[in-house]
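A quick note: this is a predicted structure, and the numbers were derived from the prediction, not measured. Proteins come first, then strands; the chains are lettered A, B, ... in the order of their sequence lines, and each starts at number 1.
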Amino acid sequence: MEISSKYSPAEVEGKWYQYWLDNKLFSSKPDGREPYTVVIPPPNVTGVLHMGHVLNETIQDILVRHARMEGKNACWVPGTDHASIATEAKVVNRLAEQGVKKADLTREEFLKHAWAWTEEHGGIILKQLRKLGCSCDWDRTAFTMDGPRSESVIKVFVDLYRKGLIYRGVRMVNWDPKALTALSDEEVVYKEEHTKLYYMKYYLADSLPSDFVAGEGNVVHKDDRGYYAVVATTRPETIMGDVAMCINPNDPKNQWLKGKKVIVPVVGRVIPVIEDEYVDIEFGTGCLKVTPAHDVNDYMLGEKYNLEAIDIFNDDATLSDRIASAQQKSLAEVSVPEGLVIDLQKYVGTERFACRKQIAEDMVAAGLMEKIEDYDNKIGCSERTGVPIEPKLSMQWFLKMQHMADISLAPVMNNDIQFYPAKYKNTYRHWLENIKDWCISRQLWWGHRIPAWYIEPTGSPLPTSPIGEESPWGKVIVAENEEEAYKLALEKYPVLQSLPLGGDGGGFTLRQDEDALDTWFSSWLWPISLFDGIRNPGNEEIKYYYPTADLVTGPDIIFFWVARMIMAGYEYEGKMPFRHVYFTGIVRDKLGRKMSKSLGNSPDPLELIEKFGADGVRMGMMLSAPAGNDILFDESLCEQGRNFNNKIWNAFRLVKGWAVAPVTVPEGSPEGQQPEAARIATQWFAAKLRLAAEELADDFSKYRLSEALMTVYKLFWDEFSSWYLELVKPAYVDGKPQPVDRATYDATLQFFEILLKMMHPFMPFITEELWQALYDRKAGESIMRAELHLPAATDADRQLCADFETVKEIVTAIRAIRSQKNIPPREPLTLEKTLPQPLPSGRGEAGAQSSNDSEALPLTGERGEGLSSAIMKMANLSAINVVAEKSKGSASFLVGTTEYAVPLGSLIDLDAERKKLEAELEHLQGFLVSVEKKLSNERFVQNAPAAVVEMERKKQADAQQKIASIRETLANL
RNA sequence: AGGAGCGUAGCUCAGUUGGUUCAGAGCGCUUCAGUCACAUUGAAGAGGUCAUCGGUUCGAGCCCGAUCGUUCCUACCA
């Protein structure tokens with residue numbers, strides 16, 4: 001059978017993925033095994049695969065496949081998120097391209113478009129995950145807005161409302177003037193911007209006496225028009241909503257303003273000067289304008305001092321005509337000097353930034369601007385639409401968070417839920433300790449509509465309630481559906497019982513709240529709702545699969561999602577939603593920049609898969625992805641992954657290409673006998689595998705996946721390919737490969753199978769391909785379900801591996817001699833091992849010497865013969881001789897304290913050899929001095945543990961012996 | 001502004017409780033290698049005052065303090 005020398009992923013990946021699907025190998029049902037559950041962080045339903053997903057999903061797949069091979073019942077549940085604001089924005093944009101405005105559509109019409117878009121794009125990303133090899137149980141695919149999930153959301157909303165945890169109220173919220181919706185604090189991102197700081201003149205309304213003298217330290221401004229205060233702001237347009245000026249009562253500069261009234265420039269409103277220590281004396285002039293409707297802090301001041309809030313904006317952040325009417329009203333009350341006022345009508349309807357520019361220009365022209373400075377500012381922007389958010393007072397639904405924080409802080413802090421890396425515990429704690437109520441309503445249509453109904457009369461006049469009964473009008477009823485809401489309404493407001501529902505007049509209707517819920521109000525239930533734990537508490541699946549094992553996600557959504565899932569988990573299941581959280585880093589390009597469409601530095605994962613294979617891409621991603629660290633992604637890492645695949649492929653080609661000697665060979669015939677080198681190699685590699693398995697288990701237990709990958713990478717490439725296979729490779733005779741003996745062949749296939757299993761979680765496709773080809777497999781069998789259990793490594797294993805490291809050192813030293821002397825690998829050499837020389841009396845510690853022999857490599861006995869033949873084969877030696885004194889003209893080297901020499905005859909370069917030895921001697925002498933200095937320090941000998949002192953003595957003895965050995969060699973040269 | 005993290009080879013990073021010849025790995029780089037699995041390869045090799053300064057200790061890459069550089073998170077400085 002001819003096998004290509006290059007591995008072609010494209011030919012095998014699709015085939016095996018289909019095989020896995022056909023044989024239901026991803027599917028999971030509750031059974032007697034230990035469950036291992038992962039729920040996918042649901043990608044946006046209309047999203048496409050990007051590098052961040054590749055990282056995240058690869059990690060999950062590695063964990064899931066690893067658990068599955070441990071014999072656990074692995075269940076990875078896939079799904080998508082409706083991503084309300086992001087998806088709605090996309091739909092709005094697409095409609096706009098077709099010339100359709102959202103405002104012209106009814107809710108139902110819009111939702112039809114949104115669903116169509118979802119059908120069209122939904123699930124693309126899930127298809128792409130298959131290309132990556134993800135072993136999700138696709139039969140469980142869910143969507144945050146599908147039937148069961150939606151019902152769960154509504155049920156939870158009603159439940160929390162009835163618990164008194166959800167309330168409705170007017171609050172300052174983050175308003176997105178583009179999406180026309182409120183946002184949670186977490187949806188606001190701050191951007192650094194270069195702006196201006198405007199210093200505006202607020203003239204005193206009451207004229208100061210002509211003999212006015214400001215007190216010591218006061219800073220007073222005066223011009224032709226009179227005395228004025230100066231207020232610095234980045235947002236001059238908001239002066240239209242000014243209702244007060246605030247100073248710090250302790251500010252010496254502004255004492256003269258106490259108790260005064262000032263005139264808002266342009267607007268002409270007369271406002272009081274109030275005092276509050278909130279104001280920073282150092283900033284600007286120490287005078288703060290107070291605009292309760294448009295700034296969170298001003299809002300708090302407004303509440304405190306009972307100030308009016310004048311909302312100057314429409315919902316889309318254009319100037320409202322309220323500014324003009326407010327101006328007329330205030331001008332009617334108090335007359336102000338000419339020249340201070342501009343008719344605000346000219347600004348009505350202008351966009352906020354255009355207005356800012358205009359009003360600044362107008363103020364400069366009118367002499368109302370003291371100065372304008374450059375200023376660097378951080379502006380809060382909508383995470384989704386990117387436009388600066390506008391603090392806005394509006395009626396919204398909130399979830400009280402204190403209770404949620406109370407139940408979710410401890411489990412993380414005491415490691416019931418473990419974070420990897422643990423540093424995110426700090427971030428988590430800080431957020432919970434400063435928790436604010438969660439604004440859960442969004443003025444969007446795409447999402448779960450809030451299950452609240454308002455009782456409204458039809459027609460007029462309003463039917464009146466009997467004395468003593470509360471009027472139902474405008475009251476809200478929260479219920480799971482309209483019928484229930486109707487029932488509740490009648491119960492609560494008996495007056496309604498006699499009224500018709502609907503109709504033209506004299507009756508009542510229930511009008512459902514227009515708002516939808518924040519997307520995260522459905523995602524926080526994900527680990528529960530996927531197993532129907534909300535609608536059907538205590539069902540078999542939720543009992544079996546919950547809590548899930550591992551959550552893999554980015555630290556950017558620790559508040560949005562992780563913390564809230566923990567809250568919901570304890571609130572609704574009384575248990576953590578997951579035991580471990582693995583925080584991935586952010587995928588950046590190799591220059592450390594975030595990947596973005598505009599930079600064009602974000603490769604298309606599917607193209608990468610086409611180029612390097614899914615296994616190669618997965619490996620490239622994992623090679624530099626320690627938990628929590630950002631990943632500087634470089635295509636060359638995928639290339640490395642592909643090269644590794646090719647290496648595995650060719651090792652397989654080698655092994656499967658061997659002819660195997662017949663089992664029945666004549667007694668005593670050399671044919672079919674296992675060579676010494678192969679015998680020791682198989683023993684060694686079996687031991688090596690057991691040690692590696694322990695290392696892998698340790699890496700996995702600590703979620704050090706990139707190190708686990710590096711462990712198998714080196715195990716396969718260096719240990720198995722470069723050492724083991726070279727050792728057992730049959731010799732060529734007359735240009736023809738000899739058959740390999742049965743014992744070696746069988747051992748090699750077994751090793752190969754174990755290696756494939758170790759690599760499978762990282763590289764599912766190539767390992768399945770080769771596993772299937774390694775032995776005859778039954779239909780439906782798969783490496784996916786092959787369990788990997790190796791016996792624990794023994795001390796004998798460790799000793800053998802240590803001996804083998806010495807073998808490698810000797811071989812490497814001989815190869816280096818070849819390389820330096822230009823001796824071709826095919827020319828055989830001989831090796832001399834010199835017997836240990838007794839140290840000159842009086843030097844070193846008597847006790848330390850005897851240990852030397854035990855660590856020297858044995859070259860006799862069964863093991864010694866094996867190790868010798870291994871050295872001979874790998875270094876191409878014709879003989880290893882144990883000698884009392886090495887040959888003249890040989891290149892020598894030390895391994896441990898044992899001296900080896902390769903006789904080179906005329907090839908030896910005595911000068912070079914001498915130089916090398918002298919350099920080594922110098923180094924050793926320096927080393928010896930430092931060791932002896934340490935040992936002569938009484939405090940060291942007294943204080944350090946005995947074992948450490950003993951180690952130093954041994955170092956001393958070893959160094960002395962080596963020095964003696966080198967001196968002797970030098971003397972003989 | 002506050003908090004957290006990081007700084008080890010050209011690059012990306014390990015380095016666990018302070019103690020073994022501890023200064024490591026992968027990639028890259030240099031030299032050599034062309035029929036016999038693989039050039040997507042093999043062999044050999046060079047590279048670092050562990051950011052800087054000080055302290056604790058018999059002993060510091062590791063612990064403490066300061067400084068510099070850098071990254072991230074949180075926050076209402078108009």
Provide the distance between the two C1' atoms, one in B:C32 and one in B:U8, to the nearest whole Å. 31 Å
Among B:A14, B:G45, B:A37, the nucleotide that comes nearest once only the side chain of A:E707 is considered: B:A14
Span that lies between the C1' atom of B:G47 and that of B:U30, in whole angstrom: 11 Å
Any N or O donor-acceptor pair under 3.5 Å from the base of B:C76 to the side chain of A:N297? yes
Tell me whether the side-chain N/O atoms of A:T812 come closer than 4.0 Å to OP1 or OP2 in B:A44. yes
Think A:S819 has a side-chain N or O under 4.0 angstrom from the OP1 or OP2 of B:G45? no
Each stem that RNA chain B is part of, given as range with range (3 or more consecutive Watson-Crick or G-U pairs, under 3.5 Å): B:1-7 with B:68-74, B:10-13 with B:24-27, B:29-33 with B:41-45, B:51-55 with B:63-67
Distance test, side-chain N/O of A:R704 to OP1/OP2 of B:G15, below 4.0 Å: yes
A:W431 meets the ring pair (Phe, Tyr, Trp, His ring centres under 6.0 Å) criterion, sequence neighbours left out, with A:F559
Does A:K378 make a cation-pi contact with A:Y190, if we ask for NZ or CZ under 6.0 Å from the ring centre and within 45° of the axis? no
For B:G42 and A:K647 - does any side-chain N or O of the residue sit under 4.0 Å from the phosphate oxygens OP1/OP2? yes
Donor-acceptor under 3.5 Å (A:S722 side chain, A:W717 main chain): yes
Is any N or O donor-acceptor pair between the side chain of A:E726 and the base of B:A37 shorter than 3.5 Å? yes
Indicate the atoms forming the closest heavy-atom contact of A:K436 with A:M401, along with that distance. O-CG, 3.2 Å
May I ask you to evaluate whether A:W717 reaches the phosphate of B:G42, defined as a side-chain N or O under 4.0 Å from OP1 or OP2? yes
Of the listed nucleotides (B:G26, B:G19, B:A37), which one gets closest to any side-chain atom of A:F940? B:G19
Would you check if A:L183 and A:E383 make a side-chain contact, meaning some heavy-atom pair closer than 4.5 Å? no
Tell me whether the guanidinium CZ or amine NZ of A:K196 lies under 6.0 angstrom from the six-membered ring centre of A:Y375 and within 45° of its axis. no
Is A:E373 salt-bridged to A:K371, cutoff N-O under 4.0 Å? yes
Would one find a side-chain N or O of A:K729 under 4.0 angstrom from OP1 or OP2 of B:A37? yes
Determine whether a donor-acceptor pair (one donor, one acceptor, N or O, separation below 3.5 Å) exists between the side chain of A:Y278 and the base of B:C76. yes
Does B:A78 have OP1 or OP2 under 4.0 Å away from a side-chain N or O of A:N377? yes
